[in-house]
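Accompanying notes for the structure given below.
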Amino acid sequence: MRLLIVEDEERLAKALKKGLEMRGYAADWLSDSTKALNRMLMYRKEYDLIILDLMLPGMDGAILTEKVRQASVTTPIIILTARNETEHKVDLLNKGADDYIAKPFSFDELLARINTILRRPTVAEPVILRIEDVEMNTATHTVKRGSREIPLTLKEFALLECFMRQPNQVLTRENLFDNVWDFNALSGSNVLDVHMKNLRKKLDYETQDDQLFETVRGVGYRIAGAVY
Ligand code: CA
């Protein structure tokens with residue numbers, strides 16, 4: 001799941017991006033309304049949801065919403081508004097926003113709205129994921145192989161979670177990028193290889209026959225094994 005945040009308040013935007021990433025979403029942030037409009041039009045298929053601030057310099061969130069809807073962009077939009085007038089809220093919905101939330105709001109409330117729109121349960125699906133002797137707890141962000149606890153970075157955890165949620169399936173490089181990386185990381189770097197290498201080093205034992213990950217040449221990677 002990839003979200004776009006359009007917000008000119010840097011502190012709020014960074015907090016939102018970090019909070020969303022902690023919960024396994026990829027999030028891009030733009031503060032400029034013209035850039036945001038272009039991104040929303042050009043990369044309409046890239047995003048599952050847009051969080052859009054109402055009060056932006058230049059074009060405001062209502063105008064942006066109207067413009068992208070006129071261009072047939074159907075990505076759900078949640079508007080962050082400091083205004084409380086009912087009249088204005090109705091206007092936002094009429095312009096094509098899916099929901100709005102008044103500032104100040106709690107992150108949990110925003111998350112609940114996001115999950116409602118994306119039809120995801122607010123309490124994440126299975127909290128414990130298992131394959132062979134690997135156990136992942138998505139609530140506490142811990143991973144164990146056998147009795148050995150494995151410290152993972154945020155990206156490594158998100159990467160492993162993709163595999164754990166789709167066991168015995170080959171995940172292509174594109175799948176992994178779409179689910180884990182934000183837009184800036186897409187520009188042809190070898191960042192995926194680096195993270196895969198680190199993840200394998202941390203998870204796999206020394207012996208060849210205990211390797212968790214399989215490389216499927218020219219396609220991607222898979223973890224294979226018994227799920228229980
Ligand atoms: Ca603002």
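Remember, it's a predicted structure, so these values are computed and weren't measured experimentally. All ligand and atom numbering here is 1-based and tracks the order in the structure.
Among the atoms of Glu7, none of the N, O or S atoms falls under 3.0 Å from the Ca ion (ligand 1). At a threshold of 3.0 Å, the Ca ion (ligand 1) has a backbone or side-chain N, O or S atom of Asp53 nearer than that distance.
In plain terms, the two heavy atoms of Leu160 and Leu152 that are nearest each other are CD2-CD1, 3.8 Å.
Leu199 pairs with exactly one of Val143, Val194, Leu159 by the side chain to side chain contact (heavy atoms under 4.5 Å, CB included) rule, that one being Leu159.
Restricting Asp8 to its N/O/S atoms, the shortest distance to the Ca ion (ligand 1) is reached by OD1.
You'll find the side chain of Leu3 stays beyond 4.5 Å of the side chain of Leu16, heavy atoms only. Between Leu20 and Leu111 there is a side-chain heavy-atom pair separated by less than 4.5 Å.
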